[in-house]
Student: 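Here's a structure for you.
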Amino acid sequence: MADMACWLVKTEPDIFSIEDFARERVTDWTGVRNYQARNFLRAMKVGEPVLVYHSNAEPPGVVGVARVHKQAVPDPTQFDRQSEYFDSKATKDKPRWFCPDLEFVEKLKRMIPLDELRSLKALDGFRLLERGSRLSVIPVLDKHFNTILKISSKNSR
DNA sequence: GCCAACGTTGGC
DNA sequence: GCCAACGTTGGC
């Protein structure tokens with residue numbers, strides 16, 4: 001299909017791990033509160049593949065694959081006073097934050113830790129690896145996506 | 001727990 | 001619109 005994009009989303013395993021994701025199968029990716037990341041969430045189209053990354057983990061790294069299940073809609077947590085993601089400046093008419101539904105696809109046979117990602121020449125230019133990269137949602141080039149899938153199917157580095 | 005690298009907020 | 005102060009992310 002033309003102009004299919006690939007993505008990577010970060011999640012903290014203490015909060016929502018790939019195992020949690022595998023149990024839930026489909027989850028709305030709520031709580032992203034960064035405008036650039038939000039714009040990426042809104043650009044996600046149904047069917048596009050998504051790498052799942054564990055941040056704040058030991059070790060951090062890519063752990064699985066998901067797929068966009070539903071186009072982004074206004075993130076309900078921005079309207080929920082009880083939620084830590086409540087945003088008093090957001091209104092139903094003018095929502096600020098959006099979340100797509102993501103569907104679990106698979107857990108990688110072998111998680112690819114960050115230090116290994118950094119060691120791969122084939123991942124030159126991968127945004128995740130750039131200095132100071134903090135975005136929790138980033139686009140991934142096809143070739144980078146495929147490189148990661150390929151090495152994860154091997155037993156070791 | 002530290003801190004670099006960002007992003008956001010708000011006074012002016 | 002500038003920018004200092006503050007908050008957050010996330011690797012280490």
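Computation of the quantities below employed the complete heavy-atom set of this structure, encompassing side-chain atoms and omitting hydrogens, waters and symmetry-equivalent molecules. Remember, it's a predicted structure, so these values are computed and weren't measured experimentally. Lettering follows sequence order; numbering is per chain, from 1.
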Student: Under the ring-ring contact (aromatic ring centres under 6.0 Å, His included) test, which residues partner A:Phe40, sequence neighbours left out?
Tutor: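 A:Trp7.
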Student: List in chain and number order the residues that pass side chain to side chain donor-acceptor pair (under 3.5 Å) with A:Arg33, two or more places apart in sequence or in another chain; answer none if no residue qualifies.
Tutor: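 So A:Arg33 forms a side chain to side chain donor-acceptor pair (under 3.5 Å) with A:Asp75, A:Thr77.
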Student: Suppose clustering is done on Ile, Leu, Val, Met, Phe, Trp and Tyr with side-chain heavy atoms closer than 4.5 Å. Which residues sit in the same group as A:Trp97?
Tutor: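 Taking Ile, Leu, Val, Met, Phe, Trp and Tyr as members, A:Trp97 shares its hydrophobic cluster with A:Tyr35.
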Student: Can you tell me which residue pairs pass the ring-ring contact (aromatic ring centres under 6.0 Å, His included) test with a partner in residues 48-79 of chain A, sequence neighbours excluded?
Tutor: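 Found none.
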Student: Show which side-chain atoms of residues 120-140 of chain A pair as donor or acceptor with protein atoms under 3.5 Å away, not counting sequence neighbours.
Tutor:
| residue | atom | partner | partner atom | Å |
| --- | --- | --- | --- | --- |
| A:Ser133 | OG | A:Arg127 | O | 3.3 |

Student: Using a 4.0 Å heavy-atom cut-off, write out nucleotides 5-12 of chain C from 5' to 3' as B (base contacted by protein), S (sugar-phosphate only) or - (no contact).
Tutor: --BBBBBS
